[in-house]
Amino acid sequence: MELDGETVMAGARDTVASLLLGSVAPDRYRRSAASGHPRAPLCMMGVCFECLVEIDGQTNQQGCLVRVRDGMRIRRQIPEAGRS
Ligand code: FES
């Protein structure tokens with residue numbers, strides 16, 4: 001699968017959120033569209049909506065509820081300059 005255009009490996013039981021938490025610092029997970037502040041997954045069970053990511057071109061997907069799969073394209077919802 002791809003994360004921000006880079007090939008990454010995931011475990012068979014990873015969700016998109018768990019993959020990202022293992023790949024980037026929590027303050028680099030995403031940015032609030034309203035305030036620009038860093039946000040990261042909190043509940044990991046579909047309640048808080050802090051884990052939003054773009055998956056296969058669809059924005060605002062709850063990363064904690066989606067299992068990773070081969071060929072998936074994941075993009076953090078964060079300005080290009082802050083992706084690293
Ligand atoms: S981490 Fe709370 S909804 Fe995904």
Side-chain angles (χ1 to χ4, degrees):
M1 70 218 53
E2 260 183 40
L3 172 57
D4 295 331
E6 303 283 329
T7 301
V8 293
M9 303 297 290
R13 300 180 62 86
D14 266 332
T15 63
V16 171
S18 68
L19 171 67
L20 264 73
L21 288 173
S23 302
V24 299
D27 67 341
R28 297 292 191 181
Y29 187 99
R30 75 175 182 95
R31 295 271 174 174
S32 164
S35 69
H37 292 152
R39 310 299 300 179
L42 181 62
C43 72
M44 299 299 279
M45 60 183 193
V47 176
C48 72
F49 285 76
E50 295 292 2
C51 58
L52 301 178
V53 294
E54 179 183 312
I55 301 172
D56 295 334
Q58 299 286 320
T59 59
N60 297 323
Q61 302 298 300
Q62 287 176 276
C64 70
L65 299 181
V66 179
R67 284 276 170 92
V68 295
R69 63 181 183 288
D70 287 343
M72 183 178 265
R73 290 174 295 114
I74 304 161
R75 289 183 63 82
R76 288 178 290 158
Q77 297 186 176
I78 192 168
E80 292 291 332
R83 284 189 185 271
S84 57

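Start at 1 and go down the list; that is how both ligands and their atoms are numbered.
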The protein heavy atom nearest to atom 3 (S) of ligand 1 is Phe49 N, 3.1 Å
Of all the non-hydrogen atoms in the protein, which one sits nearest to atom 1 (S) of ligand 1, and at what distance?
Met44 N, 3.2 Å
If you define the side chain from C-beta out and look only at heavy atoms, does anything of [X] sit under 4.5 Å from [Y]?
X: Tyr29; Y: Pro38; value: no
X: Val8; Y: Met1; value: yes
X: Val53; Y: Arg30; value: no
X: Leu65; Y: Thr15; value: no
X: Arg39; Y: Gln77; value: no

Would Cys51 count as a contact for atom 2 (Fe) of ligand 1, in the sense that one of its N, O or S atoms lies under 2.8 Å from it?
no
Can you tell me if Cys43 has an N, O or S atom under 2.8 Å away from atom 2 (Fe) of ligand 1?
yes
Salt bridge Glu2-Arg75, side-chain N to carboxylate O under 4.0 Å
no
Please could you name the atoms of ligand 1 that [X] approaches to less than 4.0 Å, counting only its heavy atoms?
X: Gly46; result: 3 (S)
X: Pro41; result: 1 (S)
X: Leu42; result: 1 (S)
X: Gln62; result: 3 (S)
X: Cys48; result: 1 (S), 2 (Fe), 3 (S)

Between the side chain of Ser23 and the main-chain N/O of Leu19, is any donor-acceptor distance below 3.5 Å?
yes
Evaluate the criterion side chain to side chain donor-acceptor pair (under 3.5 Å) for residue pair Asn60 and Glu54; output intermediate values, then yes/no.
CA-CA 6 Å; Asn60 297 323; Glu54 179 183 312; over 6 Å; no
Val47 and ligand 1 - part of the residue with a heavy-atom distance under 4.0 Å
backbone
Atom 4 (Fe) of ligand 1 to nearest N/O/S of Cys64 below 2.8 Å
yes
Assess Ala17 for proximity to ligand 1: is some non-hydrogen atom of it under 4.0 Å away?
no
